[in-house]
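A, B, ... follow the sequence lines: proteins, then strands. Residue 1 opens every chain. All heavy atoms count here, side chains included; hydrogens, waters and symmetry mates do not. What you are looking at is a predicted structure, and each value in this text was computed from that prediction instead of being measured.
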Number of protein chains: 2
Amino acid sequence: MKPPSRAAKKAVRPSALQAESLQQTRRVHASEIAEDYVEAIADLSAAQGEARVVDLARRLGVTHVTVNRTVSRLHRDGYVTARPYHAIFLTAAGRKLAAACQRRHATVVAFLRSLGIAEKTAELDAEGIEHHVSPATLSAFERHLRRRK
Amino acid sequence: MKPPSRAAKKAVRPSALQAESLQQTRRVHASEIAEDYVEAIADLSAAQGEARVVDLARRLGVTHVTVNRTVSRLHRDGYVTARPYHAIFLTAAGRKLAAACQRRHATVVAFLRSLGIAEKTAELDAEGIEHHVSPATLSAFERHLRRRK
DNA sequence: TCCATGATGTAGCATTAGCTACATTTTGCC
DNA sequence: GGCAAAATGTAGCTAATGCTACATCATGGA
Ligand SMILES: [Mn+2]
Ligand SMILES: [Mn+2]
Ligand SMILES: [Mn+2]
Ligand SMILES: [Mn+2]
């Protein structure tokens, strides 16, 4: 069945741009777990001096099995040290990534709060939004925060 | 190796809240593809009267194989009709979801644009951000837009 | 009419990400 | 020191999401 030629070009969002946006979204999702893990490892290291598997499992809301497998991927990718039966520590690359993520996370939460959004809602939404915030958009958030201050 | 008791409780983000946030993020990601698909199907239907597999593949930036399998899941979940060798159409549930997603998408893009973010950046970031925007946050975005207008 | 081409469908591979069940190691405590 | 419990590790399952390669269907033009 051929599309009836009516209405024809309705000047809709171009396919190419949406495809590019969705591809970027998929790329973001591929690196997202690494970001949340290094952030959590940094938080736990600051609070307790180290990050253990159980602590990560509790904080990330998954089982220790999932943590194990993800940590081995983080190790494969050079973000963490991983010795059996020892706590997990960030490498230099891991610390750098964690610092950027912590900063971005805080900015996104502060920005949402500045719009009058409740603390808990801001935290819930920010955990997902943060990864999709490009450097340009992060700058815009910071600019808005400075203006509002 | 036990954590040295120094610094002890550093009043960091509570584990329970972060775990809950990450669980919500994972739930969002599980329904995200359905949202992007019904939105694309609605767009294509409006523009051409129907949504074909090739068109969806082009617009979503994936192969037609991926489209096929996802469409069958959408059919399983009641969002689309699916007859072999025919175009794909939204069910009532699909149209309802698509309308909400289109509206939310437009709001997120407009909100980012109102912060001075470039058109293309807004579009790229919005494609990922939109799914993590809760009803409360969407309201805040709309409120901000009304205020700025 | 018929057939080349485009559209669609399917088989099967890889990776990621979650899980339960069970094995092993480490540790806290008597 | 010895042992129970906690922590950690591993085997193997499911599901989602991407892909290539190949098979089948549908159609428009010669
Ligand atoms: Mn996050
Ligand atoms: Mn975060
Ligand atoms: Mn999207
Ligand atoms: Mn996301």
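Ring centroids of A:His144 and B:His144 are separated by less than 6.0 Å, placing the two rings close together. Residues B:His29 and B:His132 bring their aromatic ring centres within 6.0 Å.
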Could you run down the sub-3.5 Å N/O contacts of the protein with nucleotides 9-13 of chain C?
{"from": "C:dG9", "atom 1": "OP1", "to": "B:Tyr85", "atom 2": "N", "distance (Å)": "3.0"}
{"from": "C:dG9", "atom 1": "OP2", "to": "B:Asn68", "atom 2": "OD1", "distance (Å)": "2.7"}
{"from": "C:dG9", "atom 1": "N7", "to": "B:His64", "atom 2": "NE2", "distance (Å)": "2.9"}
{"from": "C:dG9", "atom 1": "O6", "to": "B:His64", "atom 2": "NE2", "distance (Å)": "2.9"}

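Phosphate proximity of D:dC19 to B:Thr66: present, with a side-chain N or O under 4.0 Å from OP1 or OP2.
Per the geometry, CG belonging to B:Leu44 stands 14 Å off P belonging to C:dA7, to the nearest Å. Taking atom CZ of residue B:Arg27 and atom C1' of nucleotide D:dA16, one finds them 18 Å apart after rounding to whole Å. One can place CD of B:Gln23 at 9 Å from P of C:dC19, the figure rounded to the nearest angstrom. Separating the NE2 atom of B:His75 from the P atom of C:dT8 is a distance of 17 Å, rounded to the nearest angstrom. Between B:Glu50 atom CD and D:dA26 atom C1' the separation is 14 Å, expressed in whole Å. One can place CG of A:Leu60 at 16 Å from C1' of C:dT16, the figure rounded to the nearest angstrom. If you take CZ of A:Arg26 and P of C:dT16, they are 16 Å apart, rounded to a whole angstrom. One atom, CZ of B:Arg52, and another, C1' of D:dC25, lie 14 Å apart when rounded to the nearest Å.
For B:Val54, taking side-chain heavy atoms from C-beta onward, the closest of the listed nucleotides C:dC19, D:dT8, C:dA7 is C:dA7.
Using a 4.5 Å heavy-atom threshold, the side chains of A:Glu127 and A:Val108 count as separate. Contact of the B:Glu130 side chain with the B:Val109 side chain is not registered, since no non-hydrogen atoms from C-beta on lie closer than 4.5 Å.
The pair B:Arg13-A:Glu39 counts as a salt bridge, with a side-chain nitrogen and a carboxylate oxygen less than 4.0 angstrom apart.
Residues A:Val80 and A:Val62 share a hydrophobic cluster, clusters being chains of Ile/Leu/Val/Met/Phe/Trp/Tyr side chains in contact below 4.5 Å.
Residues meeting the side-chain contact (heavy atoms from CB on, under 4.5 Å) test with A:Ala118, sequence neighbours left out: A:Thr121.
Here A:Arg76 lies in heavy-atom contact (under 4.0 Å) with sugar-phosphate atoms only.
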